[in-house]
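Here is the structure we will look at, set down as structure tokens.
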Number of protein chains: 2
Amino acid sequence: MTRKAAEDYGYDYNIPLDEFFQFAISVDCVIYGYHEGKVKVMLIKRGADPYKGKWALPGDLVYPKEALDEAARRVLTELTGLEEIYMKQVHTFGAVDRHTLGRVVTLGYMALIEMYKHPLKADGWAEEVGWFEIHEIPDLAFDHNEIFSESLKFLKQSLESHSPVGFEMMPKKFTLLDYLELTEYVLNKRLDKANFRKKLLAQDFIEPLEEVQKNVKHRPAKLYKINKKKIELET
Amino acid sequence: MTRKAAEDYGYDYNIPLDEFFQFAISVDCVIYGYHEGKVKVMLIKRGADPYKGKWALPGDLVYPKEALDEAARRVLTELTGLEEIYMKQVHTFGAVDRHTLGRVVTLGYMALIEMYKHPLKADGWAEEVGWFEIHEIPDLAFDHNEIFSESLKFLKQSLESHSPVGFEMMPKKFTLLDYLELTEYVLNKRLDKANFRKKLLAQDFIEPLEEVQKNVKHRPAKLYKINKKKIELET
DNA sequence: TTTGTTTGCGTCTAAAGTACATATAATTTT
DNA sequence: AAAATTATATGTACTTTAGACGCAAACAAA
């Protein structure tokens with residue numbers, strides 16, 4: 001593409017057009033999972049400089065012919081082995097000096113997975129993979145702490161407004177108390193069991209099963225499931 | 001930057017790293033203003049192909065050494081002459097074929113201005129500038145209709161939750177009825193005057209002035225102003 | 001002084017949210 | 001096998017918020 005051609009396209013700059021086509025785009029994913037009462041985020045330990053040895057969000061550069069959501073989904077699938085993952089673009093970060101390799105603008109994505117489903121494995125460029133409680137996130141590489149914060153803000157807002165996202169971290173069958181504990185952990189405050197139950201059951205996408213809990217040393221709780229079709233109808 | 005150097009930085013790809021640094025980034029701004037009971041959006045008519053003659057959102061490519069918000073602010077200031085403008089990144093769009101010039105990923109921004117304050121002037125690459133009512137937006141160039149829709153969704157949500165953004169379109173002194181009309185127009189539904197008033201005055205960032213309306217042929221309404229410091233404290 | 005119009009405040013009612021009490025169903029202990 | 005324990009499940013009362021509506025006050029114009 002020549003400068004002249006670019007002008008025909010409606011651009012007229014004092015610097016050559018090629019100068020503009022020097023950005024790289026990356027996606028960084030904040031992957032949330034729920035395990036034993038705690039909500040955790042998957043981090044990878046960087047195996048090379050810059051930030052060698054530091055924990056970072058999993059992410060990758062976007063390929064030249066790849067859509068943005070597609071790139072995020074690729075990262076998620078490669079890392080977790082899961083195909084169907086709830087995923088949402090949260091915010092785009094592009095400080096001039098945020099990456100040492102050049103001008104890399106990154107899109108922060110939030111993803112929610114059923115944690116027990118996926119094998120914990122380090123991928124290509126990561127030394128190590130780990131899950132960190134969301135209230136104890138270490139100092140991360142690049143501007144990843146900021147990306148994490150934005151995603152957590154979104155997750156908190158979703159749970160506060162009872163929008164049906166937290167279920168993405170739950171197993172197919174779960175008790176209402178399980179979900180209460182997830183919500184309490186993320187919001188970092190106690191909620192009234194009875195009222196939480198009523199609020200949840202008022203939503204029509206949550207459906208009771210005939211089944212109950214097994215192997216508990218008290219009255220077993222009823223199990224519930226999510227009707228995803230009804231969620232789609234709402235939105 | 002050589003392939004080897006890139007690998008040292010933690011990347012290991014099957015295609016050369018340079019291939020990734022071929023993106024351009026742009027910002028596209030949905031600029032909202034309020035005038036005589038109607039909320040409008042500023043569009044520019046494209047003076048060159050592609051989409052010559054079509055209306056489009058004002059925007060520009062991001063310079064190699066320019067931060068993203070900085071680029072959006074530059075576009076806004078150039079176009080409106082205003083320095084202080086409320087502005088918010090809404091969503092990033094990057095379909096592979098969204099731009100004919102090459103791979104251009106664009107960030108959609110929403111901006112709110114006091115419309116009467118700024119001179120309507122066409123800028124460099126635009127043939128014409130116009131204001132369009134938000135419920136009568138024409139078919140736009142590129143994926144700009146989608147960008148507009150996302151921004152409008154955000155604006156509606158903000159007004160519904162009484163978050164203090166709509167005031168950015170109001171003059172410094174305004175009546176509560178003015179703001180009611182703005183809100184009714186955006187949400188496209190009628191609201192109860194008395195209840196809207198109560199709801200607004202319950203927020204503590206809205207402060208009454210001693211002044212009242214002039215030159216009206218009925219009881220003049222009290223004028224109010226916004227206390228921006230209190231808004232910052234809240235968020 | 002009267003009439004028309006809009007502001008601005010008050011009241012009532014329904015709905016949603018919160019706090020807390022009580023009944024229920026299972027296991028564990030005695 | 002009865003009592004104690006634990007957590008589920010439901011019900012009830014109180015509080016706050018949202019929505020509908022009435023009416024007096026303020027000003028302009030006739």
Side-chain angles (χ1 to χ4, degrees), chain A residues 36-37 156-164 166-167 170-171 173-226 234, chain B residues 36-37 156-164 166-167 170-171 173-226 234:
Chain A
E36 290 176 353
K156 281 183 175 177
Q157 280 171 3
S158 303
L159 291 179
E160 256 163 12
S161 65
H162 290 90
S163 108
F167 304 111
M170 291 269 111
K173 303 170 179 181
F174 59 91
T175 70
L176 297 185
L177 191 64
D178 284 340
Y179 192 65
L180 173 79
E181 280 167 357
L182 180 152
T183 306
E184 283 186 335
Y185 188 79
V186 173
L187 299 182
N188 209 11
K189 69 175 176 191
R190 316 237 83 215
L191 300 167
D192 185 283
K193 285 195 179 79
N195 296 328
F196 187 84
R197 151 184 297 274
K198 269 181 284 187
K199 187 84 192 167
L200 269 192
L201 295 178
Q203 323 259 74
D204 68 341
F205 52 78
I206 179 158
E207 297 176 348
L209 297 167
E210 291 308 310
E211 242 170 306
V212 293
Q213 271 182 318
K214 294 264 185 258
N215 301 323
V216 283
K217 42 172 161 259
H218 53 75
R219 173 179 174 182
K222 183 173 270 191
L223 293 171
Y224 291 82
K225 73 179 178 80
I226 294 301
E234 279 180 24
Chain B
E36 288 175 355
K156 282 182 174 175
Q157 281 170 3
S158 302
L159 291 179
E160 257 164 11
S161 64
H162 291 91
S163 106
F167 303 112
M170 291 269 111
K173 303 170 180 182
F174 59 91
T175 70
L176 297 184
L177 191 64
D178 285 339
Y179 192 65
L180 172 80
E181 279 168 358
L182 180 153
T183 306
E184 283 185 336
Y185 187 78
V186 173
L187 300 182
N188 210 9
K189 69 175 177 192
R190 316 238 79 215
L191 300 168
D192 185 280
K193 284 194 180 80
N195 296 329
F196 188 83
R197 152 184 297 273
K198 266 183 289 186
K199 188 85 192 167
L200 269 191
L201 294 179
Q203 323 258 75
D204 68 341
F205 52 79
I206 178 160
E207 296 176 350
L209 298 166
E210 290 310 309
E211 245 170 303
V212 292
Q213 271 181 319
K214 295 264 183 257
N215 302 323
V216 283
K217 47 175 166 255
H218 51 75
R219 173 179 175 182
K222 184 173 270 192
L223 292 171
Y224 291 82
K225 74 179 178 78
I226 293 301
E234 279 179 26

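Labels below follow one simple rule: chain letters A, B, ... track the order of the sequence lines, proteins then strands, and each chain is numbered from 1.
For the contact set between residues 194-202 of chain A and DNA chain C, defined by any heavy atom under 4.0 Å, the members are A194(A), N195(A), K198(A), K199(A). Contacts of residues 207-219 of chain B with DNA chain C (heavy atom under 4.0 Å): H218(B), R219(B).
Counting heavy atoms from C-beta outward, E207(A) and K225(A) have side chains that approach closer than 4.5 Å.
Note that CZ of R197(A) and OH of Y224(A) are 5.0 Å apart. Values are rounded to the nearest 0.5 Å. From E210(A), atom CD reaches atom NZ of K222(A) across 6.5 Å, with rounding to the nearest 0.5 Å. Atom-to-atom distance recorded for L209(A):CG and T175(A):OG1 is 11.5 Å, nearest 0.5 angstrom.
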F196(A) vs L177(A), test: side chain to side chain contact (heavy atoms under 4.5 Å, CB included). Steps then yes/no. CA-CA 9 Å; F196(A) 187 84; L177(A) 191 64; over 6 Å; no
Assess whether side chain to side chain contact (heavy atoms under 4.5 Å, CB included) is satisfied between L223(A) and V212(A), documenting all intermediate values. CA-CA 5 Å; L223(A) 293 171; V212(A) 293; 5.7 Å; no
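In summary, the aromatic rings of F167(A) and F205(A) are positioned with their centroids under 6.0 Å apart.
Atom CG of L191(A) and atom C1' of dT18(C) are 12 Å apart (whole Å). Computed from coordinates, the K222(B) NZ to dC9(C) C1' distance equals 12 Å when rounded to whole Å. At whole-Å resolution of the value, NZ in K193(A) and P in dA23(C) are 19 Å apart. When the C1' atom of dT17(D) is taken as reference, atom CG of D192(B) falls 14 Å away, rounded to whole Å. Between L177(B) atom CG and dG8(C) atom P the separation is 9 Å, expressed in whole Å.
Nearest heavy atoms, K199(A) versus Q203(A): O-CG, 3.5 Å.
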